Amino acid sequence: MIQSEGFMFTSGQIWAFFVVLIGLILTILNIIEKVILLKARSKEPQAKVESRLVALETWRSEVNQRLDKDEEHFDKIDEGNKVTQQALLALMDAALSDDGSKGELKSARKDLYEYLSKK
């Protein structure tokens, strides 16, 4: 039994106080641990979103490069179609005209030859 200026504590009360104090400290530490765990878990979805965003941006860049290449390819096809159509028009004009205009045929042949030699 401990007595100090009007207060008396038994050894059981002192032990009970220490048990309650230790329980309080353990509870506070447990709460702190849970808060830290919740913060870590709340950052996980953000990291997943960021990694997915990086993957999508990479994919978009690759798709844009492919589209640019396709556009160049289609431009070449259009140019070839134009030359071919001009040659066909020259052939039809020569077949329909009575004077046998070889100048248009020669010009169309020259254009077609130049186009094919560039490839």
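Keep in mind it's a predicted model, so treat the numbers as computed, not measured.
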Student: Going by side-chain contact (heavy atoms from CB on, under 4.5 Å), Ile28 matches just one of Ile32, Ile31, Asn30. Which one?
Tutor: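 With Ile28 as partner, Ile32, Ile31, Asn30 yield a single side-chain contact (heavy atoms from CB on, under 4.5 Å), made by Ile32.
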Student: Donor-acceptor pair, distance only, cut-off 3.5 Å: does the side chain of Thr84 make one with the backbone of Gly80?
Tutor: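 Answer holds: yes.
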Student: Of all the heavy-atom pairs spanning Ser42 and Pro45, show the shortest one and how long it is.
Tutor: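 For Ser42 and Pro45, the tightest heavy-atom pair comes out as O-CD, 3.4 Å.
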Student: Measuring from Leu26:CG to Leu21:CG, what's the distance to the nearest 0.5 Å?
Tutor: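 Reported to 0.5 Å precision, the distance equals 9.5 Å.
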Student: Kindly compute the distance separating CD (Gln85) from CG (Asp78), expressed to the nearest 0.5 Å.
Tutor: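 Answer rounded to 0.5 Å: 9.5 Å.
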Student: How many angstroms lie between atom CG of Leu53 and atom NZ of Lys48, to the nearest 0.5 angstrom?
Tutor: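 Reported to 0.5 Å precision, the distance equals 16.0 Å.
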Student: CZ/Arg60 to CG/Leu67 distance, rounded to the nearest 0.5 angstrom?
Tutor: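 Rounded to the nearest 0.5 Å, the CZ-CG separation comes out at 11.0 Å.
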Student: Check whether any side-chain N or O of Gln46 sits under 3.5 Å from a backbone N or O of Lys43 as a donor-acceptor pair, and report yes or no.
Tutor: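 No; zero donor-acceptor contacts below 3.5 Å.
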Student: Nearest 0.5 Å, what's the CG-CD distance between Asn81 and Gln86?
Tutor: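 Rounded to the nearest 0.5 Å, the CG-CD separation comes to 11.5 Å.
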Student: Should Ile14 and Ile22 be counted in the same cluster of Ile, Leu, Val, Met, Phe, Trp and Tyr side chains packed under 4.5 Å apart?
Tutor: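 No, it is not one cluster - the side chains of Ile14 and Ile22 are not joined through contacts under 4.5 Å.
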Student: With rounding to the nearest 0.5 angstrom, report the CD to CG distance, Glu72 to Asp68.
Tutor: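 Glu72 CD to Asp68 CG: 7.5 Å, rounded to 0.5 Å.
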Student: Indicate yes or no: at least one non-hydrogen side-chain atom of Glu62 is less than 4.5 angstrom from one of Thr58.
Tutor: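 The answer is yes, as the side chains (C-beta and beyond) meet within the 4.5 Å cut-off.
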